[in-house]
Number of protein chains: 2
Amino acid sequence: MMNTITYSKAEKHLVAVDCIIFGYDEGDLQVLLFPRAIMPEQGCWSLMGGFVNLDESLESAAKRVLFNITGFHDIRLDQVGAFSEPNRDSGERVISIAFSALIRPNQHDKELIREHGAQWWPINKLPKLIFDHEKMVEKALLHLQALADSELVGRDLLPERFTLMQVRQLHEAIFRKPLDPGNFRKKALSMGVLNKLTIKNTSESKKGAFYYEFSQP
Amino acid sequence: MMNTITYSKAEKHLVAVDCIIFGYDEGDLQVLLFPRAIMPEQGCWSLMGGFVNLDESLESAAKRVLFNITGFHDIRLDQVGAFSEPNRDSGERVISIAFSALIRPNQHDKELIREHGAQWWPINKLPKLIFDHEKMVEKALLHLQALADSELVGRDLLPERFTLMQVRQLHEAIFRKPLDPGNFRKKALSMGVLNKLTIKNTSESKKGAFYYEFSQP
DNA sequence: CCAAAAGTGTTCATCCTACACCCATGC
DNA sequence: GCATGGGTGTAGGATGAACACTTTTGG
C-alpha cells in the first residue's frame, strides 16, 4: 500500500462527504441545497455534507448526513467521485467524496429540512454554489443519466403510484430533452419492472391513464 | 459543506492512493504488483500506492507514485473509486482512492520496476492480494471494459505500430472472451482512430498484415 | 497442396426513431 | 366537435452477431 517505512510519518487529512440529493416534483428534477452555516462563504448555497469520523466508512458518513436531514436511513447512495484539489475549499485543505442520493420530496420529513434552511432548486436554475460543488452536481447528473439509460429510474423519486407520463417526464427532466411518448412507453414496459394497477388517474387527461407501481426488486 | 461550527474539531485521516497498473504483453492483460515493504502483511502482494500529501491532489499523488515506479509522468490515470471500510487496512485506519493506469510494459523503465521488486501478473492468475486490493482490481477492470466498449483501447498499451490482430487480442484479454476477427476489424476501423501504414508485419502470418498506428487525438 | 491468418461481403435479428393512427372524454 | 393525452402499430435505419468466402504465402 505504501512506500514509506511507517504509517505515522504520513500527513493526515480532513475528509468530508457531500451529498447531491436529487428530488423530483412538478416536472422538475431538483437538488436540495443549504445555506452554508460556517465560515468561509457562510450563507452561500452549498450541498449538504459533513466530515467523516474515524470509525465510519464514507458511505456511513453520507448516510448519517442524509439521516440528519431527511430522517431516512434506507436511502440509495452512489459514490460519484473524490474531489481533492488542494485549494478547493477556501477554508482549509479538505478532500471530499461526493455521493448521489434520490429521494421523494413529498415523503421525507419536511420539518427537518426546514430546520436546516434547506431548499429545493430545479437543476436547470441552480444558484451559484460554493467551492467545486457545481462540478459535483454535474458529475452526479451524468451518473444519474447513465443509471436511467440502463434501468428505469423512478423507484426512489416518484410517488408509490404514478402514470407512465410521470415516468416519462421524469426521464425528460433527467436527460433535459423531450422523449417520444409511444416509444418511451414501449421501452419502459419492456423492462419488466412495472406493475399495471387497475385504477386510473383521470386528473391529467380526459381518457384517464392507468396507474403503475414498481415491482419489488 | 459541513454541519459543525469549525473545521478544527473534525477528525483527520490517513489518505492513500493505490494504482491498478495495467499492461499488455504476449496476449495477456497484466497487472503490476509489489511485495509490500512494510508491516503488516509485509512481503504479501499488493498494488502500488502511497500516502497523499497535504499539498497535492489525489491525481497528483497517483502520478507521483507512478513516476517513482515507471519514470513516466504522462500516464493516463482514471479514478476508480474510494475504499473506506474502517478496518480495510489491518494496520491503521486508511482511506484509499484507487486509480487505474495503462502503460506499455516494453516501454517503461524496467530497472525502476525491478528495484521495487515489482512483477507483472496475468489478470487471470493473480496471487492473493492484501486488504481489499482484489476488489480494487475488479472494479478497475470493469472500468477498463467500459472504456473499451466506448472507444478503442490500446493507445497506451500497444506498441507504436501494431496489427489489427494485436488490437483484437488485447480486447479479447480485456473482455475475457474471443471476438470475431472480421466483425472486430470492421468496428475498429469504423471508429476512425487508426491510421493504416504502408508496411506489413509478416511474422504472424504468411500473407502479412498491415501495421496500424493510433492517429493523434 | 495445405494450413493459417488477412481481408471482404452477406444475412439475420435486434433495437431505436419517427410518425401515423385510433380511442376516450371533458370542455 | 375538437383538443388532449392514452395507447397501439409500422416502416426505415443503425448496429452487431454469425458465418461464408476469397486472398496470400510459408512450409
Side-chain angles (χ1 to χ4, degrees), chain A residues 24 26-28 145-154 158-159 161-214, chain B residues 24 26-28 145-154 158-159 161-214:
Chain A
Y24 177 69
E26 309 264 340
D28 272 327
Q145 288 176 348
L147 191 69
D149 250 343
S150 62
E151 54 180 289
L152 206 58
V153 163
L158 295 172
R161 300 186 314 205
F162 47 85
T163 64
L164 286 174
M165 183 171 72
Q166 285 177 275
V167 197
R168 174 169 54 83
Q169 286 176 344
L170 166 61
H171 281 75
E172 289 177 337
I174 290 174
F175 289 109
R176 302 174 191 261
K177 67 176 182 187
L179 301 173
D180 182 278
N183 294 336
F184 182 83
R185 152 183 298 273
K186 275 173 285 188
K187 185 180 175 185
L189 293 177
S190 77
M191 310 203 73
V193 294
L194 296 182
N195 291 337
K196 186 177 187 173
L197 304 182
T198 51
I199 37 174
K200 282 192 170 188
N201 169 317
T202 50
S203 64
E204 300 293 322
S205 75
K206 334 280 172 134
K207 184 177 176 179
F210 279 105
Y211 275 116
Y212 287 80
E213 63 179 11
F214 275 91
Chain B
Y24 177 70
E26 309 262 339
D28 272 328
Q145 289 177 347
L147 191 69
D149 250 343
S150 62
E151 55 181 287
L152 206 59
V153 162
L158 295 171
R161 299 186 316 204
F162 48 85
T163 64
L164 286 175
M165 184 170 72
Q166 285 176 276
V167 197
R168 174 169 55 82
Q169 286 175 345
L170 167 60
H171 282 74
E172 289 176 338
I174 290 174
F175 290 109
R176 304 173 190 259
K177 66 175 184 189
L179 301 172
D180 182 276
N183 292 336
F184 182 83
R185 154 183 298 273
K186 276 174 286 189
K187 184 180 175 185
L189 293 177
S190 76
M191 308 203 74
V193 294
L194 297 182
N195 292 337
K196 187 177 186 173
L197 303 182
T198 51
I199 37 174
K200 281 191 171 189
N201 170 316
T202 51
S203 64
E204 300 293 322
S205 76
K206 335 278 172 135
K207 185 177 176 181
F210 279 105
Y211 276 116
Y212 287 80
E213 64 179 10
F214 277 91

Euclidean distance, atom [atom1] of residue [X] to atom [atom2] of [N] [Å, nearest integer]:
{"X": "B:Met191", "N": "D:dT15", "atom1": "CE", "atom2": "C1'", "result": "12 Å"}
{"X": "A:Gln169", "N": "D:dG6", "atom1": "CD", "atom2": "P", "result": "8 Å"}
{"X": "B:Lys187", "N": "D:dA18", "atom1": "NZ", "atom2": "C1'", "result": "16 Å"}
{"X": "A:Met165", "N": "D:dG7", "atom1": "CE", "atom2": "C1'", "result": "13 Å"}
{"X": "B:Leu179", "N": "D:dC19", "atom1": "CG", "atom2": "P", "result": "15 Å"}
{"X": "B:Phe184", "N": "D:dG16", "atom1": "CZ", "atom2": "C1'", "result": "14 Å"}
{"X": "B:Arg185", "N": "D:dG16", "atom1": "CZ", "atom2": "P", "result": "17 Å"}
{"X": "A:Leu194", "N": "D:dG6", "atom1": "CG", "atom2": "C1'", "result": "16 Å"}

Outermost contacting nts on DNA chain C, any atom under 4.0 Å from chain A heavy atoms, listed 5' then 3', are C:dT17 to C:dG26
I need the minimum non-hydrogen distance between [X] and [Y], along with the two atoms involved.
{"X": "B:Tyr212", "Y": "B:Phe210", "result": "CD1-O, 3.4 Å"}
{"X": "A:Ala209", "Y": "A:Ser205", "result": "N-OG, 4.1 Å"}
{"X": "B:Ala173", "Y": "B:Gly27", "result": "CB-O, 3.9 Å"}

Below 3.5 Å, can you tabulate the donor-acceptor pairs from side chains in residues 164-172 of chain B to any protein atom, sequence neighbours excluded?
unit_1   : atom_1 : unit_2   : atom_2 : d
B:Gln166 : OE1    : B:Thr163 : N      : 2.9
B:Arg168 : NH1    : B:Glu172 : OE2    : 3.2
B:His171 : ND1    : B:Val167 : O      : 2.9
B:His171 : NE2    : B:Val153 : N      : 3.4
B:Glu172 : OE2    : B:Leu179 : N      : 2.9

Tell me, which stems hold DNA chain C, with a stem being 3 or more Watson-Crick or G-U pairs in a row and both distances under 3.5 Å?
C:1-27 with D:1-27
By side chain to side chain donor-acceptor pair (under 3.5 Å), which residues pair with [X], not counting sequence neighbours?
{"X": "B:Arg161", "result": "none"}
{"X": "A:Ser203", "result": "A:Asn201"}
{"X": "A:Asp28", "result": "none"}

Does [X] have any side-chain contact (heavy atoms from CB on, under 4.5 Å) partners at least two apart in sequence or in another chain, and if so, which?
{"X": "B:Glu151", "result": "B:Arg76, B:Leu147"}
{"X": "B:Asp180", "result": "B:Asn183"}
{"X": "A:Asp149", "result": "A:Phe175"}

Produce the list of close N/O pairs, under 3.5 Å, pairing protein atoms with atoms of nucleotides 9-11 of chain D; give distances to one decimal.
unit_1 : atom_1 : unit_2   : atom_2 : d
D:dG9  : O6     : A:Lys186 : NZ     : 3.0
D:dT10 : O4     : A:Lys186 : NZ     : 3.0

Provide the full list of salt bridge (charged side-chain N to carboxylate O under 4.0 Å, His left out) pairs with a residue in residues 184-193 of chain A, sequence neighbours left out, each pair given once.
none
N/O donor-acceptor pair under 3.5 Å between A:Glu213 side chain and A:Leu197 backbone
no
Please enumerate all protein N or O atoms sitting under 3.5 Å from an N or O of nucleotides 24-26 of chain D, with distances to 0.1 Å.
unit_1 : atom_1 : unit_2   : atom_2 : d
D:dT25 : O4'    : B:Lys206 : O      : 3.4

Pairwise side-chain contact, B:Phe214 with B:Asn195, heavy-atom cut-off 4.5 Å (strictly under):
no
